[in-house]
Each structure stands twice: as C-alpha cells, then as structure tokens.
Amino acid sequence: MRMKFLNTQVDNLTMEEAVEEAKRLILEKRSSYVVTPNVDHIVKIEHDPLFREIYENADLILTDGKPLIWMSRLLGMPIKEKISGSDYFPEVCRMAASQGFSIFLLGAAEGVAKKAAVNLMRKYKNLKIAGVYSPSYTFENDAEEIAYIIKKINKARPDILCIGLGTPKQEKFYYQYKDAFRVPLTLHIGATIDFEAGVVKRAPKWMSYMGMEWLYRLMKEPRRLYKRYLLDDVEILPIFMKYRKQLRFSELKSCNILGVDIAVTNMKSVAYYLSKNLEALRGEYVCVSNVHTTVMAYNDASYRNVQNSAVMAVPDGKPLSLICRIRGYKNAQRVAGPDLMPTILGLSEKRGYRHYFYGSTEQTLESLERNLRAQYPGLQIVGTYSPPFRKLTEEEDLRIIEQVNAARPDFVWVGLGAPKQERWMYEHRGRINAVMLGVGAAFDFHAGTAKRAPKWMQECYMEWLYRLIQDPRRLLKRYVRSNAQFIWLILTGH
C-alpha cells in the first residue's frame, strides 16, 4: 500500500510482500525499478529536483532505516517494516533462485562483483548470474563505456539488474538510461555487492536493530562519511517537523453530531485548506455529509469510523450547519458537494490542478466532461472511470489504482452515492495519490442528467423534498426513516 510519507511516498509492505511485488514486476516484463529511502535520501529529495523525480516515478519504494520507522510512528502512520537494500537483495536472490530468474551485478571495485557472484551462487542453489561488471570510477563521463555497459547488460538478458554505485549516482545513472535497458526489474543496492563479496563488513544485527548502523559505518569510514552523517543528515529533524506540522489535521474545528465530527467551516475555508495543504493531504479523503449519512453513521459503527477517519466531513446538509450554529459555532456554513466541485474547479484553472472523475455511468461521465470543459476551458481533466455495478476483484482494483495514479491527478472526485463512495475512499486511503472527495449526485447535476432544487428550496431546508418528488420510489423510505430518526435524536439530546 503506497502512502505519503514526509517529502516522498513509501510502499507500506512487509519483507514477504515486497519480495512478492518484485516477482510480480519481473513477470510483467516491463522496465521497473526499486528505491530504498533512508535518512540521507530524504534530505537529498528535499533539495534535488531530479532525485525527487526519480522517487516519484519508482515502481517500488521500500523504507531503509530505523529512524524513518520511528518517525512514521510519531506521525501516526506506522510503516510495517524496515526493508534495507542489503536485507532485501538476499531475499530477492532466494526468490530468483526458486523461480529461475537471472541476476546481473553492476558496481563495486574491480573483481569484487565477481567475488560476490561466486558467494551468491554458493549461498543460493540454482541462482543464475547473467553477468557482472565493475565500471571505472568516472564511467558516467565516458560515453563509450556507458554504451558498452548497456550493450553488455542487454546481451546478457537478465531478469534483475542490481546496481551498486552509491547514492545518488546509481539512481541517476539508471534513470538517465532506463529506456535503453531491457531489464524487467532494477534494484539500487549501494554497498550490498561489497557486503556479499565479504570485502566490507555490515554492522552487527543488534546495531542494525537499534538504528545504529550509520554509526558503525561512520566508525569504519570516518573521513568519507562524517560530512553525510554528522552535517548533512542532521537536516532530517527540521524536515520531520515541517511535514509533521502539515499533517496536523486534528486542529480543524469540528462539532460532534450523533457521533460524527462535522467540520465547522465554510466554502471559502475548505477550498483554501485543500489548496494550501494539497501535497500533505495526498492519500486522504473528504466526506460530504448530510442528515442521511449522519444517521447511517449513528446506526453503524463501521460507517461512523469511515466518516471520522476523513480529513474532514463537511456539512452538505443545511440542518447540519444549522445545528453547528445553534451549538455556538456562529461561522458554520453549508458546504454542499455540488457547490464544492465548481469552487475547486474554478480555482484549478488558475493553479493547474489535475482532476480525475470516478463513478456514475459512462454516459454521465461523457456529459460531465463535456460540460466542464466548456465551462472551464483551462481545466485539466486527466481521466474518468465508470466502475461496474458490482464489487471489483482485487486484480481489477489494483489496475484502477495504477490507472488513477498514472494519470497524476491532484483531486479524485468520487460519485458512487452514500455509503459506497465513503467506504471506497476509506479503503483506498493512502493508495490513491490525490485528495479524494465524495460528492454523490454532483456528477449528475453538473452533467445535466438530473436537476437540482431551486435556490429558494435549498435555503428553506427543502432540497430533500425536491429530490424525493423527483425519485419517490428510491428515496421515500430513506428520507422518511432518516429524517424522522434525525429529528427525534436531536430533540432528545443525542
């Protein structure tokens, strides 16, 4: 599960899950690559746009370093397991040996990669080493040697390319020439080739467990590593504080109505908040709550948790904003989904935000896209998808997640109707790299396939009645039960 973490993203996996993911990527037969962020990488991402781009486009991002695990816990988004390149590589070798995959080692000093290959074949029976190569120290400036490396690797046709050139050299070299390599999976493994060859010792297990592997390496190579560990990487502390501050969603004021924390806000404030915190909010979702969803949450603890896990549940229904004001929140106003959408879309023309629409029917989505493009000529609509009227299989769901993330939206608008859309967003929290907003019938209103109540009915708390008249067979039972229960519960002090 990919989730936003500090200034990058990570795939929150166990070692076993990460190895299975490597196997899947190999079998896909396309070029993919793995990175393993540690403290030093996080600091580099903060200042190096190319390094940040490399991470943004990685197929698998695994967390290397106990300090990052500790930080994830302090942020309330715990990462399952530390998976360093040096621990991941042997597990991938074990899997490769069992599956018949071949490996190419690129890096280390002359003769070291060969020694590592011999040791690996002894350790993992049936492991295929497709080739090894130790480039010259300044090979990246030699076009002939680069061409030779690419030709040698492609001729060997490995399933896995393992590059041990040190960070950021290894990542930047691969990224620059990745389209020339015909290798399904590339791992960036730093000093791991030296470890496997036995020419450099890793820190004892207890030091690694205590998050002190950096100290062991510093003691081994103080002249080379003191600047990185004692000067540069200290910046991880202000970086952590910066992103921790951005994630303090709990500071939003809310009014608890029947167990649901309804945001005390208004349209302008919601738009400002989402825009200001867009990067920090990626992977989160917004619920647009009304009387019906609030009563459903009151009756169903799991759905109540879905509502309260949102970054905010805004008051779509007039009665909710009215109760907020009665309870002392004088500035509380209604934030209806059909109004929130044009507010954000209008802002997006100026700021270049990208949008994806998930839900409803293909015909409605076509009309919606056509109408929005006519109304907002500069709007970037990067995709739409109408899911089938059944539960998606795991494979279908993964495909959709990949499809949405590949489009790189900033906002994903979800129009599945309650409670389906809220549950969908909750299940995809941290997996969709955008802010998700569940806006229900807003798709139909803006597509022109359904009419919204006149303004005077909206202001008089009668929008529900207008919708009931339009669709009595579907909505009669819902409104009679929900509205009656809501009024009773509020009057009796719940």
Side-chain angles (χ1 to χ4, degrees), residues 2 4 9 53 56-57 267-268 270-288 310-311 314 316 335-389 392 396-418 420-422 424-425 428-452:
R2 183 158 290 190
K4 179 74 178 170
Q9 297 182 69
E53 180 183 325
E56 286 175 352
N57 291 300
M267 187 68 72
K268 186 177 179 180
V270 171
Y272 174 77
Y273 180 80
L274 294 178
S275 179
K276 178 186 176 184
N277 298 293
L278 178 60
E279 290 306 314
L281 289 167
R282 288 186 183 275
E284 298 293 335
Y285 64 97
V286 175
C287 289
V288 178
V311 66
V314 298
D316 175 76
V335 183
D339 298 326
L340 179 60
M341 184 185 287
T343 301
I344 300 294
L345 296 181
L347 187 66
S348 299
E349 276 198 301
K350 302 173 186 176
R351 303 196 178 180
Y353 296 145
R354 298 159 64 88
H355 299 267
Y356 196 103
F357 295 87
Y358 181 94
S360 196
T361 64
E362 289 184 6
Q363 293 84 352
T364 298
L365 288 176
E366 287 173 6
S367 298
L368 176 65
E369 184 172 358
R370 183 170 57 251
N371 290 351
L372 293 180
R373 288 192 186 281
Q375 190 172 354
Y376 308 98
L379 187 66
Q380 295 189 57
I381 298 176
V382 295
T384 64
Y385 182 73
S386 174
F389 289 99
L392 297 179
E396 288 173 326
D397 192 47
L398 287 172
R399 264 200 311 275
I400 293 304
I401 293 170
E402 290 174 0
Q403 178 181 311
V404 173
N405 288 337
R408 297 185 296 110
D410 297 300
F411 295 95
V412 173
W413 300 90
V414 186
L416 298 172
K420 191 175 180 180
Q421 64 193 14
E422 289 81 20
W424 187 89
M425 292 189 296
H428 292 79
R429 183 184 186 188
R431 303 174 74 188
I432 297 293
N433 187 31
V435 177
M436 295 171 279
L437 303 101
V439 291
F443 281 24
D444 294 307
F445 296 148
H446 291 291
T449 55
K451 280 190 174 182
R452 198 176 174 197

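- Between Trp424 and Tyr358, the distance from one ring center to the other falls under 6.0 angstrom.
- Taking 4.0 Å as the cut-off between side-chain N and carboxylate O, Arg351 and Asp410 do not count as a salt-bridged pair.
- Judged by distance alone, the side chain of Ser275 and the main-chain N or O of Ala271 form no donor-acceptor pair under 3.5 Å.
- For an aromatic pair to be called close, the ring centres must be under 6.0 Å apart, and Tyr356 with Phe411 fails this.
- The CD atom of Gln403 lies 11.0 Å from the CD1 atom of Ile401; values are rounded to the nearest 0.5 Å.
- For Glu349 against Pro377, the heavy-atom pair with the smallest separation is OE2-N, 3.1 Å.
- For Gln380 (side chain) and Gly352 (main-chain N/O), a donor-acceptor pair under 3.5 Å exists by modelled atom type.
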Could you check Leu340 against Met267 for side chain to side chain contact (heavy atoms under 4.5 Å, CB included), going step by step and ending with a plain yes or no? CA-CA 7 Å; Leu340 179 60; Met267 187 68 72; 3.7 Å; yes
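- No side-chain heavy atom of Val314 sits less than 4.5 Å from a side-chain heavy atom of Cys287.
- Checking side-chain atoms of Arg354 against main-chain N and O of Ala407 turns up a donor-acceptor pair under 3.5 Å.
- Shortest non-hydrogen contact noted between Asn433 and Arg282 is O-NH1, 3.1 Å.
- By the neighbour-count criterion of 12 heavy atoms within 6.0 Å, atom CZ of Arg373 is densely surrounded, having more than that number from other residues, nucleotides or ligands.
- Side-chain atoms of Val439 and Pro338, non-hydrogen and from C-beta on, never get closer than 4.5 Å to each other.
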Should Tyr353 and Leu345 be marked as a side chain to side chain contact (heavy atoms under 4.5 Å, CB included) after you check the CA-CA gap, both sets of side-chain angles, and the distance that decides it? CA-CA 8 Å; Tyr353 296 145; Leu345 296 181; over 6 Å; no
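- Across every non-hydrogen atom of Leu398 and Arg431, the tightest pair is CD2-NH2, 3.5 Å.
- Results of the side chain to side chain contact (heavy atoms under 4.5 Å, CB included) test with Met436 over Leu281, Val412, Val286 single out Val412 as the only residue that passes.
- The side-chain heavy atoms of His428 and Asp397, taken from C-beta on, include a pair separated by under 4.5 Å.
- Leu416 places none of its side-chain heavy atoms less than 4.5 Å from the side chain of Met425.
- Of the inter-residue distances, the one linking Ile400 atom CD1 with Leu392 atom CG reads 6.5 Å to the nearest 0.5 angstrom.
- In this structure, Thr364 contributes its side chain and Ser360 its backbone to no donor-acceptor pair below 3.5 Å.
- Taking CG from Leu368 and NE2 from His446, the interatomic distance works out to 8.0 Å, rounded to the nearest 0.5 Å.
- Counted by atom type alone, Ser367 and Arg370 present one or more donor-acceptor pairs between their side chains at under 3.5 Å.
- The structure places NE2 of His355 at 10.0 Å from OH of Tyr376, a figure rounded to the nearest 0.5 Å.
- Glu402 pairs by the salt bridge (charged side-chain N to carboxylate O under 4.0 Å, His left out) definition with Arg24, not counting sequence neighbours.
- Between the Asn371 side chain and the Ala447 main chain, a donor and an acceptor come within less than 3.5 Å of each other.
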Might you work through the side chain to side chain contact (heavy atoms under 4.5 Å, CB included) test for Phe445 and Met341, ending with a clear yes or no? CA-CA 11 Å; Phe445 296 148; Met341 184 185 287; over 6 Å; no
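- Using a 4.5 Å heavy-atom cutoff, the side chains of Val435 and Glu279 are not in contact.
- Glu369 contributes atom CD, which lies 9.0 Å from atom CG of Leu379 (distance to the nearest 0.5 angstrom).
- Arg429 places no side-chain N or O within donor-acceptor distance of the main-chain N or O of Glu284, the cut-off being under 3.5 Å.
- Contact annotation: the side chain of Pro387 never approaches that of Glu396 to less than 4.5 Å [non-hydrogen atoms, C-beta and beyond].
- The structure places OG1 of Thr361 at 7.5 Å from CG of Asp444, a figure rounded to the nearest 0.5 Å.
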Apply side chain to side chain contact (heavy atoms under 4.5 Å, CB included) to the pair Gln421 and Trp413, showing each step before the final yes or no. CA-CA 10 Å; Gln421 64 193 14; Trp413 300 90; over 6 Å; no
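- Looking at Leu437 and Val288, their side chains never come closer than 4.5 Å, going by heavy atoms from C-beta outward.
- Between Val414 and Tyr285, every side-chain heavy-atom pair lies at or beyond the 4.5 Å cut-off.
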